[in-house]
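Below is one structure; the comments refer to it alone.
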Amino acid sequence: MLKLEGINRIFNETTPDEKIALDNINLDLKTGDFVTVIGSNGAGKSTMMNMISGALSPDFGTVEIDRKNVTKYPEYKRSHLIGRVFQDPMAGTAPTMTVEENLAIAYSRNKRRGLRIGVDKKRREFFRESLESLHLNLENRLTAKVGLLSGGERQALSLLMATFTKPSILLLDEHTAALDPSRAELITNLTKQLVEKDNLTTLMVTHNMQQALDLGNRLIMMDKGQIILEVDPEAKKDLTIADLMDAFQRIRGEKLVSDRTLLSV
Amino acid sequence: MFTAIFGSVEQGIIYAIMALGVYLTFRVLDFPDLTVDGSFVTGAATAATLIVLGYHPALATAAATVAGFLAGCMTGILHTKAKINPLLSGILMMIALYSINLRIMGATTETAIGRPNVPLSNVDSLFTIFFGWWGNLGIDTAINNVLISIGIENVPKTWGTFFIMIIVTFAIKIIFDRFLKTEVGLAIRATGDNDKMIRSFSANTDTLIILGLGISNALVALSGALIAQYTKFADVSMGIGMIVIGLASVIIGEAILGTKTIVRTTLAVIVGAIIYRIVIAIALRVEFLDTGDMKLITALIVVVALILPKFFEKRKERARKAKRRAERTLTSEQEAKQLA
């Protein structure tokens, strides 16, 4: 479904700020896999997500989606196949447009946009039904401007918009990090519900180790641009936070404790 | 006075089409497009030249609109493909169009070299063709008789321009509103609102920006083509400051009618364009002001229109705070009394 092969990327090459962002990343996701990605700041998690979405391109290596080599595809072309939710609740929606207009934009993601009216009667009914599944009463605020919604509501809407067209890949980049704990939990539950409903192949970056353990069937840990640990579905079932800390220490020979502030336990 | 105001309303309705174009780039796409100064003349020059060369005014006007569309697309390509800053892309295109406009009008000469103006005094235009039909209806005399009976002596020669332009401009407004609600229209609006988001929903923002600029400048050129036929000439300098006039219309309209919905905002833009013309007409009746001062007045109008809403907002806010404070002191005094 998603295959990364030998992905390399160096930022600011030939300057004093040179940084190896991704160092020979290989990853293979099967249909229905839900992989959580953990690692400290600067480990390359977001860079990897951007390589998949096409926002950044690798120096070397290939990205394959649905057995198609999409390495050369620009971002907008890849997003036919990829649904994304960003960390910033502002990033995933258009604030001056209404809830239903935002949904209409998401709805035509994998279609050719034409001169059809974006929100007609039939679609509005469909949008209403889809919004009901969020249980946020958004189905009664179809014509409200999205800029007026709270961060949690916007993120729930972004999630719905990203999964609307059943994308081949769903990318979640710390999508609960900017929310307060109760809202974050709500979004986490929604994520579970929406991913399970359509059996979506998902890659989720998180700073929250507990969340990384609770969600998904596989887990990878990144550090300094490399994938240093891959946990398969069998082993992930009984994995604990202590296991992860130990694994990091064993592999890197240094304690993860120094990262406590970054990796909330 | 009445005829002066009437004339400015007529012009305002024609310029409103240009203002709608400016609204599309400045507000919807969030792209400050300065091509307008050039593309307005391109529209006027293309229409005037083709009419003088003997083509039907309707065809000439359509060709002018297409020319504006192409000019806008070029600005879009300079920005999206050559990665030139939006303001500079527009300025480059505007200055390039100056020469192109001279060449277009030059097509009316035998040597086909540049020419700074084309008069349309002795040829048919869309307006003269329309008047031929309108004059037989007798509406002009009917309205003017009413006006004379209520004591207005200086009546306009014809009401035809007024009525036909209201119909044309509102037809464009309705199509424009509807377009912004289509799938492509929604994508264009989202491009101005949050381009990262719309790219993640598989829209090519480059294409949308080019298309948006094309449509905007098509409207601007159409307005230029109609103004040339209305004033019976095209001139290479008639576009100077056009972008500021468009912006003034948008800002004045928005300040008066608000921006609650698209339908309302586009109406605001049209009303703004008419009000702008009336303000200019009144300003020019002030004794010590001259037509040459018009650009200065325009700049001042825009400055005032930008400052005033903020000023009122601040005053309202201060009044609200003062009121709230007074209420709070009052209740605390009452509580103190009750305690005593």
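Reminder, nothing fancy here: chain letters follow the sequence lines and each chain counts from 1.
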Looking at [X], I'd like to know if its [atom1] atom is crowded, meaning that more than 12 non-hydrogen atoms belonging to other residues, nucleotides or ligands lie closer than 6.0 Å.
{"X": "Lys68(A)", "atom1": "NZ", "answer": "no"}
{"X": "Met1(A)", "atom1": "CE", "answer": "yes"}
{"X": "Lys121(A)", "atom1": "NZ", "answer": "no"}

Under 4.5 Å heavy-atom distance to chain B, tell me which part of [X] shows up: side chain, backbone, both or neither.
{"X": "Ile82(A)", "value": "backbone"}
{"X": "Lys111(A)", "value": "neither"}
{"X": "Thr93(A)", "value": "backbone"}
{"X": "Phe86(A)", "value": "side chain"}

Which portion of Thr205(B) sits near chain A, non-hydrogen atoms under 4.5 angstrom: neither
Measure Ile198(B) against the heavy atoms of chain A and call it side chain, backbone, both or neither at under 4.5 Å.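 The side chain, not the backbone.
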Assert top hit (heavy-atom pairs under 4.5 Å, partner chain B, pool Ala162(A), Pro167(A), Pro95(A), Ser108(A)) equals Pro95(A)
Name the member of Ser53(A), Gly114(A), Ala104(A) that forms the most heavy-atom pairs with chain B at distances under 4.5 Å. Gly114(A)
Okay, side chain of Ser79(A), backbone of Ser202(B): is any donor-acceptor separation there less than 3.5 Å?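 The answer is yes, because a donor-acceptor pair under 3.5 Å joins these two groups.
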Without swapping roles, check the side chain of Glu183(B) against the backbone of Leu115(A) for a donor-acceptor pair under 3.5 Å. no
If you round to the nearest 0.5 Å, how far is OG1 of Thr96(A) from CG of Asp30(B)?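 Rounded to the nearest 0.5 Å, the CG-OG1 separation comes out at 10.0 Å.
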Nearest-0.5 Å distance that lies between atom CE in Met97(A) and atom CG in Leu186(B): 4.5 Å
Any salt bridge between Arg189(B) and Glu101(A), counting N to O under 4.0 Å?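 Judged by the 4.0 Å cut-off on N to carboxylate O distance, Arg189(B) and Glu101(A) do form a salt bridge.
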Quick one: which of Arg109(A), Arg78(A), Met161(A), Arg84(A) gives a side chain to side chain contact (heavy atoms under 4.5 Å, CB included) with Ser200(B)? Arg84(A)
Among Thr207(B), Asn204(B), Asp206(B), which residue meets the side chain to side chain contact (heavy atoms under 4.5 Å, CB included) test with Tyr76(A)? Asn204(B)
Nearest heavy-atom neighbours spanning Ile105(A) and Ala190(B):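 Between these two residues, the closest heavy atoms are CD1-CB, 3.6 Å.
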Please find the pair of heavy atoms, one from Met90(A) and one from Asn194(B), that lie closest to each other, and give the distance. O-ND2, 3.2 Å
Pair Val119(A), Lys181(B) - check side-chain contact (heavy atoms from CB on, under 4.5 Å), show working. CA-CA 8 Å; Val119(A) 188; Lys181(B) 293 206 158 108; over 6 Å; no
Test Arg113(A) against Phe201(B) for side-chain contact (heavy atoms from CB on, under 4.5 Å), laying out the working first. CA-CA 11 Å; Arg113(A) 289 187 169 86; Phe201(B) 287 108; 4.0 Å; yes
